[in-house]
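First up is the structure itself, then whatever we jot down about it.
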Amino acid sequence: MELDLTFFLVAIPAVIFAGVSKGGFGSGAAFAATPLLALILEPGQAIGLMLPLLMLMDVTALKPYWKTWDTPSALALIVGAVPGIVLGAALYSVSNPDLFRFLIGAVALAFVGWQAAKRLGLYRPGTRPMSLWGGRIAGAVTGFTSFISHAGGPPSAVFLLTRGFDKTTYQGTTVLVFWAVNLLKFLPYLFLGIFTWETARADLILVPFAVLGVWLGVLAHRKLTDRWFFTLTYVFLTLTGLKLIWDALT
């Protein structure tokens, strides 16, 4: 990993963008930093670089959303995430970087497709709240996609959107869930050698931008709708997802 101008021109906006999502928009687009970084880094370096920063963002976001979460829903997702994380760790240990490029790209495109389906009315959250068992199943998918590309937002949202929360309860619940899920991922990442001295050095430099992003996200949550934010997300996730899949297959 070269900490050169190209790296910082990509990494700084990516980290700020992830922080804004974490702080204000349900964490749904925070993983967008990972596909972007995977364009210039090995997939393992990209996810290893982002996890400590995401954990810092989680802790930073806990205070403004303290106790605004729905505890039963959060626990259902967290408990369900454990087997998903175990599966992700097992897959990582036997896979090559191109498989993870493909998976990160595929998850990016799936996120765009899921959001587009909601906007077009092709997918509507159920009129009745999904059961907590449904939440555990969604949690398993959350744990897996979160492990391979920090992309647990969409499967957790499928469950949470049926619960009828106001935007602050929804945001507070996602903050608590991903604080726990990212904490659970730390030891497997450590044992699999995903963290390196190079990613740690880069993380130290990027810490101020992670905190800045969360602070901007909290402000945006109070003042803005999510339309502008996710429109930008859809555009560059589509482009980066296609590029990562192309790189994996060629």
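Note that these values count all heavy atoms, side chains included, but never hydrogens, waters or copies made by symmetry. All values reported here derive from a predicted model rather than from experimental measurement.
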What pair of heavy atoms forms the shortest contact from [X] to [Y], and how long is it?
X: Phe7; Y: Ile40; result: CA-CD1, 3.9 Å
X: Ile16; Y: Phe209; result: CG1-O, 3.7 Å
X: Ile245; Y: Ala106; result: CD1-N, 3.8 Å
X: Ala210; Y: Met57; result: CB-CE, 3.7 Å
X: Leu49; Y: Thr199; result: CD1-O, 3.7 Å
X: Ala76; Y: Leu132; result: CB-O, 3.6 Å

Apply ring-ring contact (aromatic ring centres under 6.0 Å, His included) to Phe195 and list each qualifying residue two or more places apart in sequence or on a separate chain.
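Phe195: ring-ring contact (aromatic ring centres under 6.0 Å, His included) contacts with Phe186, Tyr189.
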Under the salt bridge (charged side-chain N to carboxylate O under 4.0 Å, His left out) definition, can you give me all pairs with a residue in residues 78-99, not counting sequence neighbours?
Asp98-Arg101
Under a 3.5 Å distance rule, please check whether [X] uses its side chain to pair with a backbone N or O of [Y] as donor and acceptor.
X: His150; Y: Thr34; result: no
X: Thr142; Y: Ala138; result: yes
X: Lys243; Y: Leu39; result: no

Spatial distance of atom CH2 (Trp179) from atom CH2 (Trp69) [nearest 0.5 Å]:
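If we round to the nearest 0.5 Å, Trp179:CH2 and Trp69:CH2 are 8.5 Å apart.
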Euclidean distance, Leu103 CG relative to Thr145 OG1, rounded to 0.5 Å:
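Answer for the OG1-CG pair, Thr145 versus Leu103, is 11.0 Å.
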Holding to side chain to side chain contact (heavy atoms under 4.5 Å, CB included), I want the full list of residues that pass it with Thr60, two or more places apart in sequence or in another chain.
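Partners of Thr60 under the side chain to side chain contact (heavy atoms under 4.5 Å, CB included) test: Leu56, Val211, Val214.
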